[in-house]
Amino acid sequence: MAIKIASWNVNSIKIRAEAVADWLREAQPDVVCLQEIKCQDSNFPRTIFEDIGYNLAILGQKSYNGVALLSKWPISDVTAGLPTMKDDEQARYLEALIGLPGEAIRVASIYLPNGNPPDGAKYDYKLEWLAALQDHARTLLTYEETLILGGDYNVIPEEADVHNPAAWRGDALFKIETRQRFRRLLGLGLTDAFRLCSSEPGQYSFWDYQAGAWQKNLGIRIDHLLLSPEAANRVQQSGIDKHVRGREKPSDHVPVWAILN
DNA sequence: ATGCCGGGCGAAGCCCGA
């Protein structure tokens, strides 16, 4: 059977619950990685999603960050937080096994630190987090499973993924050290699902709320689904649900997805 | 152009995002 996996930074699940449910009904993903839910587990609007057939795993945090997994199939073996970063106080990583008919796949929802300003403690934290993810991903890849690391990576991989590369050169999302770390992650054997399916430039997943960025299509591609070789071999399609950004009260990010056979 | 929106918190105005 075909499996549809998606990732979406929703910028508050409480504000966005109905919009997310609308998109789930039309897009029908099997598994969704959510980021920036911005609430504690106890305040997550669970029933809205359970009522339309999704199981939930949540790693919440008051006010900031927070990640979750939604799945039409049973969720088990949940890992909350990066095992390689035990003292992380921010809710940015949630991994689980998804029990599909006849097989299990492993999925993680990732909210990588933004890192700006690009020359201080916040950037150091971003690099530390990337290194910890690198270490954990290396372990996960030894399992040789169908593995999807989906999330808001806060990394613009290439010039084709930003409207104005020159203006972003020094930014924590695009500076060369950031892109090198991301490339190193791919070097472990992970594949960017979207780039596996399209070489088209200017395909964005985020547009700032300010300065008419959406209207002018001044976006960046920072939300990614990274696949193990076992997952990459099964990819049929990958896309970005850009139209969602034009709706009422949108998140500044849109869903990205991939279909595996 | 880092604060032009938008959200959290909490009840005004500040912190944060990318």
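Computed from a predicted model, the values in this text were never measured in an experiment. Chain A is the first sequence line, chain B the second, and so forth, proteins listed ahead of strands; every chain is numbered from 1. Every heavy atom of this structure was used, including side-chain atoms; hydrogens, water molecules and symmetry mates were not.
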Pairwise [atom1] distance for [N] and [M], with rounding to whole Å:
N	M	atom1	value
dA12(B)	dT2(B)	C1'	23 Å
dA1(B)	dG7(B)	P	27 Å
dC5(B)	dA11(B)	P	25 Å
dG8(B)	dG3(B)	P	23 Å
dG17(B)	dC4(B)	C1'	14 Å

For this session: Measure the acute angle between the ring planes of Trp23(A) and Trp8(A), then classify it against the limits of 30° and 60° as parallel, tilted or perpendicular.
Result: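 Judged by the thresholds at 30° and 60°, the geometry between Trp23(A) and Trp8(A) is perpendicular.
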Hydrophobic cluster of [X], others only, ordered by chain and residue number, side-chain cut-off 4.5 Å:
X	answer
Leu218(A)	none
Trp257(A)	Ile259(A)
Leu97(A)	none

Seminar exercise, completed: 5' to 3', nucleotides 2-10 of chain B under a 4.0 Å protein heavy-atom cut-off (B base, S sugar-phosphate only, - none) gives -BBBSSSS-
Please work out if [X] contacts a base, only the sugar-phosphate, or nothing of the nucleic acid, heavy-atom cut-off 4.0 Å.
X	answer
Asn43(A)	nothing
Phe174(A)	nothing
Lys122(A)	sugar-phosphate
Asn65(A)	nothing

For this session: Could you verify whether a donor N or O on one side chain and an acceptor N or O on the other, from Lys122(A) and Asn116(A), lie under 3.5 Å apart?
Result: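 No donor-acceptor contact under 3.5 Å links the two side chains.
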Problem set entry | Interatomic distance, Trp168(A) CH2 vs dG17(B) P [rounded to whole Å] |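 Distance check: Trp168(A) CH2 to dG17(B) P gives 14 Å.
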Problem set entry | d(CD, Gln90(A); C1', dC15(B)) in whole Å |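 Distance check: Gln90(A) CD to dC15(B) C1' gives 13 Å.
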List the atom pairs, donor and acceptor, that lie under 3.5 Å between side-chain atoms in residues 72-86 of chain A and the rest of the protein, sequence neighbours left out.
unit_1, atom_1, unit_2, atom_2, d
Lys72(A), NZ, Gln28(A), OE1, 2.5
Trp73(A), NE1, Asp30(A), OD1, 3.0
Thr84(A), OG1, Ala132(A), O, 2.7

For this session: Applying side-chain hydrogen bond (donor to acceptor under 3.5 Å, both in side chains), name anything that partners Glu50(A), two or more places apart in sequence or on another chain.
Result: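 Testing Glu50(A) for side-chain hydrogen bond (donor to acceptor under 3.5 Å, both in side chains), a comparison that skips the adjacent residues, returns Arg46(A).
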